[in-house]
Structure formats: structure tokens, C-alpha cells
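Following: one structure in C-alpha cells, then a few remarks.
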Protein chains: 2
Amino acid sequence: MNDCPVKYALNILNGKWKLQIVWELNQQEKIRFNELQRRLKGISSFMLSKNLDELEQYRIIVRKQYNEVPPRVEYSLTELGKAIHPSLEMLGAWGIRAFNEMQNQRPS
Amino acid sequence: MNDCPVKYALNILNGKWKLQIVWELNQQEKIRFNELQRRLKGISSFMLSKNLDELEQYRIIVRKQYNEVPPRVEYSLTELGKAIHPSLEMLGAWGIRAFNEMQNQRPS
DNA sequence: CAGTATCCTATAGGATACTG
DNA sequence: CAGTATCCTATAGGATACTG
């Protein structure tokens, strides 16, 4: 996993939700737990919590807790988290091309 | 999966072996089945075959079969497959940074 | 509100034997 | 040589109920 930096990077984003979480945080700057859960249609609070923990461990996001009642917790991207965006843009551009080539080869 | 091109791209590379396969093919131009299996230490022929099939379906690699005895099959990257390399380079650069930040924050 | 605890299911990955 | 067939295991993901 740490023998190849590309693999290391992909591993951080692996899974069904992590990419989406990073994506949402890129658009929101700060977002609260329940608001994030609402945007990621279909994720359970358990899964969201687990994924957020992992992203925090990798220093991709930051968790800020306000000691209020009811509790308020805000998540945001670190500089490292923001820095992945250009790579994702490139991957997306390639993804469009890959998708189109599939469509051309297998028309309906 | 096809709602987001980034997700589409990541999905193609998902799994334990596909990235390594693409990486090997990037260095070899052409490679035979058993030679590839030898390089990917630990993969079974079943898994290798399955992964190659999937990459071929996504038009990332091409399978060329020579009707000889014993059989000879060579795999190589398509233009699409080669085109992903810059994205992987960028991801790798980010991966190094991410890895270093982990090391700094948690010294031993 | 922002989670945790518990239990369950689907599937990615693998081990082993075999084959045109 | 380049695979396929069969069966097994680990784990990612999820459903549901509960809580400081």
C-alpha cells in the first residue's frame, strides 16, 4: 500500500462514499454531519461516521466540534484535501473519454 | 457509477490488481499472460484472467491471440489505456505528499 | 445533533484442481 | 501456455436500535 504512491492515493479514496464526501466538502467549505448525510443520499450515520474518521486519519479533512447543546460538528477539507482536486479533474477528463469510447464501441 | 466521470475512472482501476496491471503494461508495451503473472507476485491465474477481461471490456487493454502451439497471448495498452498515465502521475505526486504528512504528524 | 453498538449480507479476492 | 471450474473466506457495506 505504501510501496506505490499512486496506490496509496487511490486507497485513501477507495470505497463507495469517500470520493463523494471529498466532493461535497470541496463545494461547501464547512458542512455539518447531518447536512452531509442528507446530501449523500442513502448513507447511514454509521457509515458516514466511519468514513469521516478514516478521512480525518489520513489528514484529508478536519473535524471541528463546538461544545453547544445540541452539539455542532463541522467538517472541512485540509490543505492536503484541497490539493487533490487537480488530480481528480484530470481523472474526470479521462473518465469522460473512457465512457465515450465504451458508448461508441457498443451502440445500445 | 456513470453519474460522475471521476467515479467512473476510479471504478475502472478499482481492486487490488488493476492498477498494477496497467503499470506493468506501461513499462512493457506487450506482455504475455504467464510473464505478467510472474511479475504480479501473488496473483492466481484465475484472478489475473478476470482482471484482464474487465480491463479489456473497458477498452483499456487489448488482447492479441496467436494461434500457435503452445498458445501465445499478448496484452498491451490501448491509446485510452496509455492516456491515463498523466492522471496517475499527478495522483502519485499527491500521494507522496499525503504520505509525508502522515509521517510528520505521527512520528513513530 | 452527531454519533455508537450489534448483527447481517453481498461480493471481492483467493486456493486448488483441472484443461484445450 | 493461457486459461476455466469449483468452492471458500475476509471484509466492505448496510439495517436497525439506541444515546450523551
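All values below were derived from every heavy atom in this structure, side-chain atoms included, with hydrogens, water molecules and symmetry-related copies excluded. Quick caveat, the model's predicted, so the values are computed rather than measured. Chain letters run A, B, ... following the sequence lines, proteins first, then strands; residues in each count from 1.
- In this structure, B/Ile21 places its CD1 atom 11 Å from P of C/dG13, rounding to the nearest Å.
- Atom CG in B/Leu48 sits roughly 13 Å away from atom P in C/dG13 (whole-Å rounding).
- One atom, CZ of B/Phe46, and another, P of D/dC8, lie 14 Å apart when rounded to the nearest Å.
- B/Met47 places its CE atom 14 Å from the P atom of C/dT11, with the value rounded to the nearest Å.
- Not one side-chain nitrogen or oxygen of B/Lys50 sits closer than 4.0 Å to the OP1 or OP2 atom of D/dT4.
- Of the candidate nucleotides C/dC1, D/dC1, C/dG13, C/dC1 has the atom nearest to the side chain of A/Pro71.
- Following rounding to the nearest Å, B/Gln65 (CD) and C/dG20 (P) show an atom-to-atom distance of 15 Å.
- The phosphate of D/dA2 has neither OP1 nor OP2 within less than 4.0 Å of any side-chain N or O from B/Ser45.
- Considering only side-chain atoms of A/Lys16, the nucleotide from C/dG13, C/dA2, D/dG14 that sits closest is D/dG14.
- Hydrophobic cluster of B/Met90: the remaining members, joined at side-chain heavy-atom separations below 4.5 Å, are A/Met90, listed by chain and number.
- In this structure, A/Trp17 reaches the D/dG14 phosphate: one of its side-chain N or O atoms is under 4.0 Å from OP1 or OP2.
- Between A/Tyr75 and the phosphate of C/dG3, there is a side-chain N or O to OP1/OP2 separation shorter than 4.0 Å.
- Between D/dG3 and B/Arg63, a contact under 4.0 Å exists linking OP1 or OP2 to a side-chain N or O.
- A donor-acceptor contact shorter than 3.5 Å links the side chain of A/Trp94 to the backbone of B/Leu80.
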Problem set entry | Under the 3.5 Å Watson-Crick or G-U criterion, the dot-bracket string of DNA chain D, with | for inter-strand pairs | ||||||||||||||||||||
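- Taking every heavy atom of residues 26-44 of chain A and every atom of DNA chain D, no pair lies under 4.0 Å.
- Heavy-atom minimum distance, B/Val22 versus B/Leu77: O-CD1, 4.2 Å.
- Relative ring orientation between B/Phe99 and A/Tyr8 is described as perpendicular, the plane-to-plane angle rising above 60° on a 0-90° scale split at 30° and 60°.
- Between the P atom of C/dA12 and the CG atom of B/Asp53 lies a distance of 15 Å, rounded to the nearest Å.
- Atom CG of B/Asn51 and atom C1' of C/dG13 are 9 Å apart (whole Å).
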